[in-house]
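As the structure is a prediction and not an experimental result, all values here were calculated from the model.
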Amino acid sequence: MSPFFNAVKKNVLEQFPKEHFEFQESCGDEVILCEAKNLTALLSMLKTKHKCNFLMNISGIDFPEKQKRFEVCYELFSSSMNSRVRVKVAVNEEEPIPTAQFIWKTADWFERETYDMFGIQFSEHPNLRRLLTHHQFKGYPLRKDYPADRVQHCTEALPVHFDQPRTPESAVSDEGKDLVPLNIGPSHPATHGTLRIMAQLDGERIHRSTVELGYLHRCFEKMAETHPYNQVIPYTDRLNYCSAPMNNVGYCKAVERLLGVEIPLKAQALRMILCELSRIIDHIICIGANAVDLGALTGFFHLFTYREKVYTLFEKLCGARLTVSLTRIGGMAQEPPPDWTGQVLQFCDEMSQGISELESLLNQNKIWINRTQGIGAISAESAIEWGYTGPCLRACGVNLDLRKAEPYYLYNEMDFDVPLGTTGDVYDRYLVRVAEMKQSIKIIRQLAKNLPSGDYTIRDKDIVLPEKKDVYGNIEGLMNHFMLVMKGLRPPKGELYDKTEAANGELGFYLISDASPMPYRLKVRAPCFAIYQSFSEQIQGAYVADVISILGSMNVIAGELDR
């Protein structure tokens, strides 16, 4: 056990001497098992006494054969102690769990999602209703007895409606106001056809609002339960489709940790190059789309030229451009072609020039500055409460980047900086993303110039398929291929939460294996899911025109938001 977890264990036993707790380790993760009646007190203590200021994720799990059918897991992170702990509570089907949203604001949507998928009740939650599925949906799709192929259509839209206030003090008064209802989206270019913002206007300002999502929900997590581990990789492409390789890497990294294997250095370096290229094009899409929504069409066309250059690099590596499935559990899908790294370095030179031109277009542009500076500002404390990670958090001045805080692969050997903002407004988010593109180029150059030698994948016949020349050329290769396809990849029993620094923040995968060929449970911690929760609060009192500016700066990707 880590010193942090030992201190937690000591304080829990001192504060709750008559209560039952269990302290476990699972694949290196430190876990506390508690009863529902002690949950609120335990979570509050972990936040106040042990500085677990981030609630990163809440996951539900269904165990139909157990007396207490459901488990609910809370992933907590202390940024000052750089430590994590998981709290788990088991409950019966009709047993409610106390809400945690009065401890962390970000618990709101995580609890609603858990209710929506499993039917688990959270007492005192003011808005416990469906979130990702539609209001006519019957049943709970992530329960094990719900058929994966069952389809339920929605035949009518909900009228404009608003969430209940979290507390009486947070209620908004309508007294003396002539309010006008307004639908923004989902059929609106700036909402990507998948987000619905319902607002009440007091003149040209937003009096109150709420959001409706789920228009792109396809139950990725249910599909993961019905497909072998390697066949889940193409589904991860469709999470954040603006930076698909980052999802491939995050998922494969989690499975490899469950297997207890370390991929070769060459595969690590290639994954890092792909991730940093993906970070660049993700920021390109965010800045370009945000700019075009505000009228800056030139920046959009200028940036997308470089996005296509990255897609060409992906295409040369695997034949695909957008949804690439570049990784495999155990390493990469194939060796990079000759001089691929040379072409990557050439792109870095071109991209550096492109960033300079972008800065000359926007940094001192009066219209851009007026539409972004001071708009959507959020404090560091509030951002942490909402569960912000990534550029939106660093724009508030919070120095948290997993590549530095909890380095993986070769990041601890790289020379790069973490750009920070001060105000957390739309302009700072833009500046941070531009600076991050420069740092990504710096990382890519270090890796491409010194790409490690060796194999691009591990050669374990129980994990990785043999090459085609071996399948067609010798009986051993043919049998290895046959056995792995028929038997499937089978990690040992266990559970873990693994994370990477994706373009929008912490991308986490909570994975449970029951030693079968398919994940028993795979929960995705999508970065923009936590960030988008705060949208209604951010736009309250803002002009209607600023709604689009703030939304674009959050870089909400519907594929990972809805999953």
_Distance, nearest 0.5 Å, that separates CZ of Phe77 from CG of Leu402_ = 6.5 Å

*Quick one: does Ser513's side chain have a donor or acceptor within less than 3.5 Å of a partner on Pro491's backbone?*
yes

*Residues Asp237 and Asn248: side-chain donor-acceptor under 3.5 angstrom*: yes

_Would you say Ser553 and Asn290 are linked by a side-chain donor-acceptor pair, where the criterion is simply a distance under 3.5 Å?_
no

*Show your reasoning for whether side chain to side chain contact (heavy atoms under 4.5 Å, CB included) applies to Glu225 and Arg521.*
CA-CA 6 Å; Glu225 295 177 7; Arg521 174 78 169 103; 4.0 Å; yes

*Under 3.5 Å side-chain donor-acceptor pair for Ser243 and Asn240*: yes

*asked:* Any side-chain to backbone donor/acceptor pair from Arg112 onto Arg130? Under 3.5 Å, distance only.
replied: yes

*More than 12 non-hydrogen atoms from neighbouring residues, nucleotides or ligands closer than 6.0 Å to NZ on Lys144, yes or no?*
yes

*Picking from Gln538, Glu381, Glu537, what satisfies side chain to side chain donor-acceptor pair (under 3.5 Å) with Trp386?*
Glu537

*Does His50 reach the main-chain N or O of Cys52 with its side chain, forming a donor-acceptor pair under 3.5 Å?*
no

*Mind checking what makes salt bridge (Lys or Arg N to Asp or Glu O under 4.0 Å) contact with Asp401, not counting sequence neighbours?*
Arg394, Arg403

*For the pair Asn230 (side chain) and Leu489 (backbone), establish whether a donor and an acceptor sit closer than 3.5 Å, ignoring hydrogens and angles.*
no

*asked:* Any donor-acceptor pair under 3.5 Å linking the side-chain atoms of Ser534 with those of Tyr388?
replied: yes

*asked:* Is there a side chain to side chain contact (heavy atoms under 4.5 Å, CB included) between Leu158 and Arg196? Walk through the geometry before answering.
replied: CA-CA 11 Å; Leu158 282 171; Arg196 182 189 183 193; 4.2 Å; yes

*Any chance the side chains of Asn127 and Asp108 put a donor and an acceptor closer than 3.5 Å?*
no

*Evaluate the criterion side chain to side chain contact (heavy atoms under 4.5 Å, CB included) for residue pair Asp62 and Tyr146; output intermediate values, then yes/no.*
CA-CA 11 Å; Asp62 183 18; Tyr146 188 92; over 6 Å; no

*Does any N or O in the side chain of Ser26 come within less than 3.5 Å of the main-chain N or O of Glu495, such that one atom is a donor and the other an acceptor?*
yes

*Roughly how far apart are Arg150 CZ and Lys222 NZ, rounded to 0.5 Å?*
11.0 Å

*Does the Asp116 side chain pair with the main chain of Thr133, one donor and one acceptor, at a distance under 3.5 Å?*
yes

_Heavy-atom side-chain proximity of Ile206 to Val544 below 4.5 angstrom_ = yes

*How would you list, by chain and number, every residue that makes a ring-ring contact (aromatic ring centres under 6.0 Å, His included) with Tyr215, sequence neighbours excluded?*
none

*Kindly say whether Asp428 contributes a backbone atom to a donor-acceptor pair with the side chain of Asp425 at under 3.5 angstrom?*
yes

*Please find out if less than 6.0 Å separates the ring center of Phe529 from that of Phe110.*
yes

_Distance-minimising heavy-atom pair for Tyr229 and Pro517_ = CD1-O, 3.1 Å

*Backbone N or O of Met56 within a donor-acceptor pair of the Arg525 side chain at under 3.5 Å?*
yes

*asked:* Check this for me: does any side-chain nitrogen of one of Asp498 and Lys253 sit under 4.0 Å from a carboxylate oxygen of the other?
replied: yes

*Value rounded to 0.5 Å, distance of CG in Asp562 from CD in Glu560*: 10.5 Å

*Step by step, would you call Arg69 with Asp145 a salt bridge (Lys or Arg N to Asp or Glu O under 4.0 Å)?*
CA-CA 12 Å; Arg69 177 172 183 172; Asp145 53 8; 3.4 Å; yes

*Between Glu212 and Met198, is there a donor-acceptor pair closer than 3.5 Å when you use the side chain of the first and the backbone of the second?*
no

*Do the rings of Tyr140 and Tyr115 sit parallel, tilted or perpendicular, given the 30° and 60° boundaries?*
perpendicular

_Worked check of salt bridge (Lys or Arg N to Asp or Glu O under 4.0 Å) between Glu75 and Lys523_ = CA-CA 12 Å; Glu75 304 289 344; Lys523 170 68 165 67; over 6 Å; no

_Polar side-chain atom of Arg563 near backbone of Glu221 as donor-acceptor pair, under 3.5 Å_ = no

_Just verifying a value: how many Å separate Ile378 CD1 and Leu393 CG, rounded to the nearest 0.5 Å?_
9.5 Å

